[in-house]
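The basis for the numbers below is simple: all heavy atoms, side chains too, and nothing from hydrogens, waters or symmetry mates. Since we're looking at a predicted model, the values are computed, not measured.
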Amino acid sequence: MIIIHTVDSVPRFASQMLARAVASLPITVVTGARQSGKTTLVRDLAGDPSRRYLTLDDLDVLDQASRSPDDTVARAPRMTLDEVQRAPGLLLAVKRAVDLKRTPGQFVLTGSANLLAMGAVADSLAGRAVYVTLWPLTRREQLGFGQAGLWSALLDAHDDEWLDVVMASDAPPADWHDVVRRGGFPTPAIDLDDHDARELWFSGYLRTYLERDLR
């Protein structure tokens, strides 16, 4: 039986890497394309009572981060700052806080795919951060397995065992045409069952990149 998931309940393969990163260095930077699920992934960390979640999509948070970044990063000993590229000056405040007191998991930062191209990131976070890239959903993630695929099992097996590994897969067969049309972004892959609705979503997504991000 295939379990139907919502976007918020889909287990992500990257959550394992995120947990290791947070336990290792003071800053974890989660990057990825728009709508790949970064906010949902890092929000799960809010289960830690000592961690504060702030998003710069909130105009009040953005205003404080722009005017007084040091006060923003001082609001909690452990913080998740979502959409950090909206206030580049905030990164220097994060650097100062880490240099003053360095502990694993102090900051989790998220940003769009071009965050790493910002000079302030490289200058502020060098030697202090680990990076986690969130890719669109794999088919096995969409099915609720929280895995990237069979590659690890195939690499662990002898080549004459590969067919057995593939045949033993718990992923049901699917029409690859439908899989390609559905794609891997959470909203069209999970929430939208209608092909026309998915086409509209992808059209709007492409337009946003061409008219806003790329420009």
Main-chain N/O of R20 paired with S24 side-chain donor or acceptor, under 3.5 Å: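 Confirmed, S24 side chain pairs with R20 backbone.
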
List the atom of [X], the atom of [Y], and the distance in Å for their closest heavy-atom pair.
{"X": "S36", "Y": "R12", "answer": "O-NH1, 3.0 Å"}
{"X": "A174", "Y": "V179", "answer": "CB-CG2, 3.9 Å"}
{"X": "V132", "Y": "A21", "answer": "CG2-CB, 4.2 Å"}

side-chain contact (heavy atoms from CB on, under 4.5 Å) between R78 and T103, intermediate numbers included: CA-CA 9 Å; R78 293 160 63 85; T103 59; 5.7 Å; no

Interatomic distance, [X] atom [atom1] to [Y] atom [atom2] [nearest 0.5 angstrom]:
{"X": "R128", "Y": "T28", "atom1": "CZ", "atom2": "OG1", "answer": "14.5 Å"}
{"X": "D164", "Y": "E161", "atom1": "CG", "atom2": "CD", "answer": "7.0 Å"}
{"X": "R52", "Y": "T72", "atom1": "CZ", "atom2": "OG1", "answer": "10.0 Å"}
{"X": "E83", "Y": "T39", "atom1": "CD", "atom2": "OG1", "answer": "5.5 Å"}
{"X": "W176", "Y": "R139", "atom1": "CH2", "atom2": "CZ", "answer": "14.0 Å"}
{"X": "R181", "Y": "H177", "atom1": "CZ", "atom2": "NE2", "answer": "6.5 Å"}

State whether [X] and [Y] are salt-bridged, where the test is any N-O pair (Lys NZ or Arg NE/NH1/NH2 against Asp/Glu carboxylate O) under 4.0 Å.
{"X": "R198", "Y": "D194", "value": "no"}
{"X": "D57", "Y": "R86", "value": "yes"}
{"X": "R43", "Y": "D82", "value": "no"}
{"X": "R67", "Y": "D63", "value": "yes"}

Would you say the side chain of [Y] lies within less than 4.5 Å of the side chain of [X], judging by non-hydrogen atoms?
{"X": "P69", "Y": "L92", "result": "no"}
{"X": "L41", "Y": "V30", "result": "yes"}
{"X": "V108", "Y": "L81", "result": "no"}
{"X": "L18", "Y": "V22", "result": "yes"}
{"X": "V73", "Y": "L90", "result": "yes"}
{"X": "L91", "Y": "L109", "result": "yes"}
{"X": "T55", "Y": "Y53", "result": "yes"}
{"X": "L137", "Y": "V10", "result": "yes"}

Linked hydrophobic residues, L25 as query - side chain contacts closer than 4.5 Å: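 L25 clusters with V130.
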
Trace of the salt bridge (Lys or Arg N to Asp or Glu O under 4.0 Å) decision for D71 with R75: CA-CA 7 Å; D71 289 338; R75 290 172 67 167; over 6 Å; no

Criterion side-chain hydrogen bond (donor to acceptor under 3.5 Å, both in side chains) on Q142 and R182, from CA distance to verdict: CA-CA 10 Å; Q142 293 178 37; R182 187 176 296 274; 4.7 Å; no

W135, CH2 atom: more than 12 neighbouring heavy atoms under 6.0 Å: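 No, the 6.0 Å shell around CH2 holds no more than 12 heavy atoms from other groups.
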
Parallel, tilted or perpendicular: rings of F202 and F185 (30°, 60°):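 Judged by the thresholds at 30° and 60°, the geometry between F185 and F202 is perpendicular.
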
